[in-house]
Each structure stands twice: as C-alpha cells, then as structure tokens.
Asker: 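Quick one: the structure is below, and I'll ask about it shortly.
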2 protein chains.
Amino acid sequence: MARAERKKLKEAPEKTTRIQEINRRLILDAALDIFSTYGFRGTTIDQIAERAGMSKPNLLYYFPRKQNIYVTLLEETLTEWLAPLAEIDAEGDPIEQLRKYITLKINMSETHPEASRLFANEVLHGAPAISDFLTKYLKPLVDEKAAVIRRWVGEGKLAPVDPYHLIFMIWATTQHYADFDVQVRAIMGSQVGRPGFKEQTAQAVLSIILNGIRPRD
Amino acid sequence: MARAERKKLKEAPEKTTRIQEINRRLILDAALDIFSTYGFRGTTIDQIAERAGMSKPNLLYYFPRKQNIYVTLLEETLTEWLAPLAEIDAEGDPIEQLRKYITLKINMSETHPEASRLFANEVLHGAPAISDFLTKYLKPLVDEKAAVIRRWVGEGKLAPVDPYHLIFMIWATTQHYADFDVQVRAIMGSQVGRPGFKEQTAQAVLSIILNGIRPRD
DNA sequence: CAAAAACTTGACTAGTTGGTCAAAATGCAG
DNA sequence: CTGCATTTTGACCAACTAGTCAAGTTTTTG
C-alpha cells in the first residue's frame with residue numbers, strides 16, 4: 001500500500017499530514033482493542049476516544065462514522081491475516097508447507113488474538129461488513145490453494161482428504177486458541193500463560209493434523 | 001431437570017401456570033434466534049417481543065430483565081450442548097467412542113447452529129455470564145474425559161497426543177461449521193445446502209482426526 | 001357467575017449513544 | 001510575525017432503548 005506524499009498538488013484531496021497519521025493510528029489501535037472485546041454494537045465511540053486519548057468530536061473529525069473505523073480496521077487486518085495462506089508453495093513439500101502454515105497461524109493467534117476475535121465476531125454475526133471480501137478475495141485464494149492440495153493428494157503425497165475441509169480444520173483449530181481463550185484458560189488454568197504453552201499447542205495440533213493427512217499404505 | 005407440578009402448597013412461590021409455560025417458551029425461542037444473530041448488546045427487547053408475538057411490557061412480565069432471558073437461555077443450552085462429551089464411555093473402544101462423539105457434535109452444529117453461535121459469542125466476549133459454569137461444571141467434565149483419553153494413550157490404544165488439545169480440536173472443528181457458516185458458504189457456495197454435505201463434512205473431519213490419533217508403528 | 005388472580009398493554013421516563021456545530025486553539029508557510 | 005488551514009472541544013440534539021406504571025382484559029377458582 002503506497003502512501004502518497006504530494007506537496008504542491010492543489011487539487012489532490014488526499015494529502016495526509018503528520019498529525020493525521022498519528023491520530024488515525026491512535027484511533028485504530030484503540031478501536032481494535034475495544035471492538036475485538038465488545039463487538040461492533042457493544043462498543044461506544046466514547047470508549048474508543050477515551051482509550052485513544054482524545055475527545056469524541058475529535059475522533060469523529062478523523063472518522064466521521066463509527067462504521068468507518070470498524071471497516072478500516074477489518075480491511076487493514078484481513079489482508080495480513082490471510083497472508084500465510086497465500087505463502088503456501090505449490091512446489092514445496094506438502095507436509096512441510098502445511099507444517100509451516102499451521103505454525104504461522106498458531107503464532108498469529110498468540111501474538112494478535114484481537115485481530116482474530118475481531119474477525120470471528122464479524123463472521124459470527126453474518127459478516128455484514130465483509131461479505132464482499134469473502135467472495136471476491138478469500139474464496140479465490142482458498143480455491144487456488146485447495147487445487148494445490150488436491151493435486152498433492154492426486155500425486156499420493158497426502159492421504160485422500162477434502163482440501164476445503166482440511167483448510168477449515170486448520171483455521172478452526174488455530175483460531176480457537178485466540179477466540180475461545182477464556183474457555184481454554186478456564187480448563188487448562190495456569191498452563192496457558194506458561195512459556196512453553198504455545199510450542200506444546202503447536203506440537204499437539206501439528207501431530208494430529210499432519211498424521212491425519214500423511215499418506216497411508 | 002425436574003419440573004415441579006405442585007397443586008396445594010400455599011407457600012410455594014414457583015408455581016407455573018399453563019400460560020406462563022407457553023409464553024416463557026415463546027420468549028426463549030425468539031430470544032435464541034435474536035441473541036445468536038446479534039449478540040447481547042446488539043439485541044433489543046422489542047425485537048424479541050415482536051418475534052415472540054407479544055408486547056414488550058408483557059415480555060418483561062415474564063423476564064424482568066433482559067439479562068434474565070439471556071442467562072436462562074445460556075443455562076438451558078449449555079447442559080444439552082455438553083451432553084455428548086459426558087457420554088464418552090471409558091470402557092468403550094477409543095476410536096469408536098471418539099467417532100461417535102465427533103459425529104454427534106457435527107450433527108448438533110447442523111441442527112442447532114444458533115445454540116453454538118450463542119455460546120461462541122458469549123465466550124468470544126470473555127464469558128461474563130458463564131465463567132462460573134466454565135470452571136465449576138465444564139472444567140471437571142473435561143478433566144475427567146481427558147484422564148480417560150490419557151489412559152487410552154497409555155494403553156497404546158491411541159497415538160501419543162495431549163488429550164486437552166485433542167478435545168479443543170474437536171470442539172473447534174465441529175463448531176466451526178455453525179459459527180463460521182457465512183464463511184463456509186462464501187467459500188463452498190451451493191454445496192453447503194446440498195443433501196450429502198453434512199455427511200461429507202463428517203467424513204472429512206473424522207478421517208483427519210481419527211487417522212491423526214490412531215496408534216502408529 | 002362473581003371475585004380474585006393472572007395476564008396484557010399504551011403511554012411514559014430516564015439514561016445512553018451516535019453524531020452535529022460553532023467557536024476556540026494550534027500548526028505552519030511565506 | 002501574520003494569516004490561513006488544520007485540529008480540537010464543550011455544548012448540544014435526536015434517536016433509541018431498558019425498564020416502569022397504572023389501568024384494562026382475560027383466566028381461574030370457589
């Protein structure tokens with residue numbers, strides 16, 4: 001994403017000042033925290049403004065509608081969130097590629113749980129703000145990678161498995177640790193915070209899925 | 001859960017009339033639809049009242065607070081939702097027991113997606129209304145079944161696998177089809193509605209997980 | 001069938017919240 | 001330093017929403 005740094009263009013409507021850049025960032029960071037915790041309806045502009053350290057009218061000077069903040073946040077998050085899938089290399093070793101993908105997803109769940117929750121909440125409520133994204137961007141990408149996996153199965157490099165369901169399973173499992181964090185903590189208690197927990201999780205998930213799809217016979 | 005059907009007890013405060021029974025049911029059914037779609041904050045009492053076919057004051061006659069409806073609904077749903085886990089038989093064949101469990105969960109996701117979404121939404125937002133349930137009821141049950149699975153692993157009937165992560169994986173994967181239904185539809189399109197879809201899903205999920213935990217060597 | 005109990009609702013209130021506006025404060029180019 | 005553009009905010013408003021209330025209607029019961 002290029003940032004335009006025009007100077008003398010009188011007619012250019014989208015010049016971005018230093019203060020704008022700082023404040024938009026403050027707002028979006030605050031909004032991610034609040035939206036991911038309380039959802040769209042459960043979040044008030046005042047909450048975001050307070051967390052961002054500015055008055056509500058000032059916040060509305062940068063984002064005229066609450067919806068604008070929310071959509072901007074989702075767009076900013078989604079591309080990044082999907083990046084690991086795009087990186088799956090059709091020419092690489094299947095098991096190795098999927099191991100890398102799952103590992104990346106588990107890391108993201110641990111380092112950016114708010115992003116995962118923001119997205120989960122949106123989809124859970126019917127994805128009103130991103131249904132276009134799902135059909136126009138996500139679907140083609142998944143179709144492409146599903147074709148790769150299907151080819152791998154055809155070549156006997158993976159056990160026969162439906163590629164779409166495999167992808168869903170990886171998403172579901174990895175994001176579970178971010179989205180259902182409270183539940184995971186309620187059950188596993190203090191283990192969750194401990195240093196090796198992420199590695200232990202990755203190990204368990206990788207072990208089941210990779211053994212589940214390793215070619216047999 | 002026993003329903004008390006007292007007749008002559010003057011001091012009994014909890015007698016339930018015919019009309020009460022009907023209307024509470026109407027309200028809870030309507031509320032499940034609305035809450036599971038819009039979340040707690042996103043739902044208005046008027047919406048529920050309209051869907052239930054009664055006036056708002058009348059609804060509030062049965063449930064004095066919005067929160068009451070929500071909590072009642074969660075309690076009613078949760079026990080039923082967890083039932084399949086309780087049914088795992090420590091003396092049965094491990095693979096067979098887990099196959100049955102996964103199949104039951106996929107069926108529930110398909111027949112009661114609203115219940116799954118209601119629960120998912122609650123946990124996603126930090127489970128404010130059911131944190132007690134999680135620690136006092138869910139955790140002991142999971143601990144018990146995890147011990148069973150661990151024993152199975154010890155006896156060589158399952159590949160070495162962390163029982164908690166296995167349970168999380170089953171939950172995540174099966175509930176994904178209810179909670180992320182919009183996304184699944186966006187990607188798989190018209191297939192989702194088709195007759196054999198549930199069976200195909202069950203087949204794919206079972207294949208990966210069961211092969212992932214089948215004893216090796 | 002008459003009185004009591006249970007049920008129902010229109011009209012209302014108080015609190016919240018998304019968004020406006022005009023005026024003040026600040027930043028910045030020449 | 002000056003004047004214009006950008007930024008900031010207190011005060012405000014209209015819409016919405018959880019919950020109340022008193023007065024009516026229906027159901028149950030003796």
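All values derive from a computational prediction rather than experimental measurement. Every chain is numbered from 1 and lettered A, B, ... according to where its sequence line falls, protein lines coming before strand lines.
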Asker: Within the structure shown, what part of the strands sits under 4.0 Å from B:Y62 by heavy-atom distance: base, sugar-phosphate, or nothing?
Answerer: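 Contact class for B:Y62: sugar-phosphate only.
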Asker: Reckon B:T17 has a side-chain N or O less than 4.0 Å from the OP1 or OP2 of D:dT27?
Answerer: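 The answer is no; no side-chain N or O of B:T17 sits under 4.0 Å from OP1 or OP2.
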Asker: Between atom CD in B:Q47 and atom P in D:dT17, what is the gap in whole Å?
Answerer: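 Taking atom P of D:dT17 as the reference, CD of B:Q47 is at 8 Å.
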Asker: How many whole angstroms separate atom CD of B:E50 from atom C1' of D:dT17?
Answerer: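 Taking CD of B:E50 and C1' of D:dT17, I get 15 Å after rounding.
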Asker: Is there a side-chain polar atom (N or O) of B:R41 under 4.0 Å from OP1 or OP2 of C:dT17?
Answerer: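 Checking C:dT17 against B:R41, a side-chain N or O does come within under 4.0 Å of OP1 or OP2.
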Asker: Suppose the criterion is salt bridge (charged side-chain N to carboxylate O under 4.0 Å, His left out): which pairs have a residue in residues 102-123 of chain A, not counting sequence neighbours?
Answerer: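 As it turns out, there is no salt bridge (charged side-chain N to carboxylate O under 4.0 Å, His left out) pair with a partner in residues 102-123 of chain A once direct neighbours are skipped.
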Asker: Please check the phosphate of C:dT17 (OP1 and OP2 only) for any side-chain N or O of A:R65 closer than 4.0 Å.
Answerer: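 Answer is no, no contact under 4.0 Å.
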Asker: Taking B:R18 first and then B:E21, would you say they form a salt bridge - that is, a charged N and a carboxylate O separated by under 4.0 Å?
Answerer: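 A salt bridge is absent here (no side-chain N lies under 4.0 Å from a carboxylate O).
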Asker: Answer yes or no: is there a donor N or O on one side and an acceptor on the other, between the side chain of A:K145 and the main chain of A:P163, under 3.5 Å?
Answerer: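 Between the backbone of A:P163 and the side chain of A:K145 there is no qualifying donor-acceptor contact (under 3.5 Å).
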Asker: Name the nucleic acid region contacted by A:L60, choosing base, sugar-phosphate or nothing; use a 4.0 angstrom heavy-atom cut-off, strictly under.
Answerer: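 The answer is base, as A:L60 lies within the cut-off (heavy atoms under 4.0 Å) of a base atom.
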Asker: If only atom types and distance count, is the side chain of B:K139 paired as donor or acceptor with the main-chain N or O of A:G189 below 3.5 Å?
Answerer: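 No, because the side chain of B:K139 does not come within donor-acceptor range (under 3.5 Å) of the backbone of A:G189.
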Asker: Anything under 30° is parallel, anything over 60° is perpendicular, the rest tilted; go ahead and classify B:H125 against A:H125.
Answerer: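 Taking A:H125 first and then B:H125, their aromatic rings stand perpendicular (interplane angle over 60°).
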Asker: Starting at OH of B:Y70 and ending at P of D:dT17, how long is that distance when rounded to a whole Å?
Answerer: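 B:Y70 atom OH is separated from D:dT17 atom P by 18 Å.
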Asker: Fit a plane to each ring of A:Y70 and A:F35, take the angle between them on a 0 to 90° scale, and name the class: parallel (under 30°), tilted (30 to 60°) or perpendicular (over 60°).
Answerer: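 Because their plane-to-plane angle is over 60°, the rings of A:Y70 and A:F35 count as perpendicular.
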Asker: Given atom CD1 of A:I22 and atom C1' of D:dT8, what is their separation to the nearest angstrom?
Answerer: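 It is 15 Å, rounded to the nearest whole Å.
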Asker: Within this structure, what is the CD-to-C1' distance between B:E21 and C:dC7, rounded to whole angstrom?
Answerer: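 These atoms are roughly 16 Å apart.
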Asker: Got a donor-acceptor contact below 3.5 angstrom from the A:T135 side chain to the A:S131 backbone?
Answerer: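 Checking the backbone N and O of A:S131 against the side chain of A:T135, a donor-acceptor pair under 3.5 Å is found.
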Asker: Nearest-Å distance, CD1 (A:I45) to C1' (D:dA15)?
Answerer: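 Interatomic distance, CD1 of A:I45 to C1' of D:dA15: 14 Å.
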Asker: What is the separation between atom CD1 on A:I27 and atom C1' on D:dT8, rounded to the nearest whole Å?
Answerer: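 From A:I27 CD1 to D:dT8 C1': 12 Å.
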Asker: Does OP1 or OP2 of D:dT7 have a side-chain N or O of A:Q20 closer than 4.0 Å?
Answerer: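 For D:dT7, OP1 or OP2 has a side-chain N or O of A:Q20 closer than 4.0 Å.
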Asker: May I ask you to check whether A:H165 and B:F197 place their ring centers less than 6.0 Å from one another?
Answerer: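 Here the rings of B:F197 and A:H165 have centres that are less than 6.0 Å from each other.
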Asker: Please walk me through it: do B:Y137 and B:D132 pass side chain to side chain donor-acceptor pair (under 3.5 Å)?
Answerer: CA-CA 8 Å; B:Y137 178 67; B:D132 261 22; over 6 Å; no
Asker: Atom CZ of A:F63 to atom C1' of D:dT8: distance rounded to whole Å?
Answerer: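 A:F63 atom CZ is separated from D:dT8 atom C1' by 17 Å.
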Asker: Check the interface with nucleotides 9-12 of chain C: list each N/O to N/O pair with the protein under 3.5 Å, or write none.
Answerer:
{"unit_1": "C:dT9", "atom_1": "OP2", "unit_2": "B:S55", "atom_2": "N", "d": "3.4"}
{"unit_1": "C:dT9", "atom_1": "OP2", "unit_2": "B:S55", "atom_2": "OG", "d": "3.2"}

Asker: Quick one: is C:dA6 close enough that its OP1 or OP2 comes under 4.0 Å of any side-chain N or O from B:N23?
Answerer: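 No, outside the criterion.
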Asker: Would you call the rings of A:F168 and B:Y177 parallel, tilted or perpendicular if under 30° counts as parallel and over 60° as perpendicular?
Answerer: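 If you compare the ring of A:F168 with that of B:Y177, the planes turn out perpendicular.
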Asker: Using nucleotides 23-27 of chain C, report all nitrogen or oxygen pairs with the protein that are shorter than 3.5 Å.
Answerer:
none

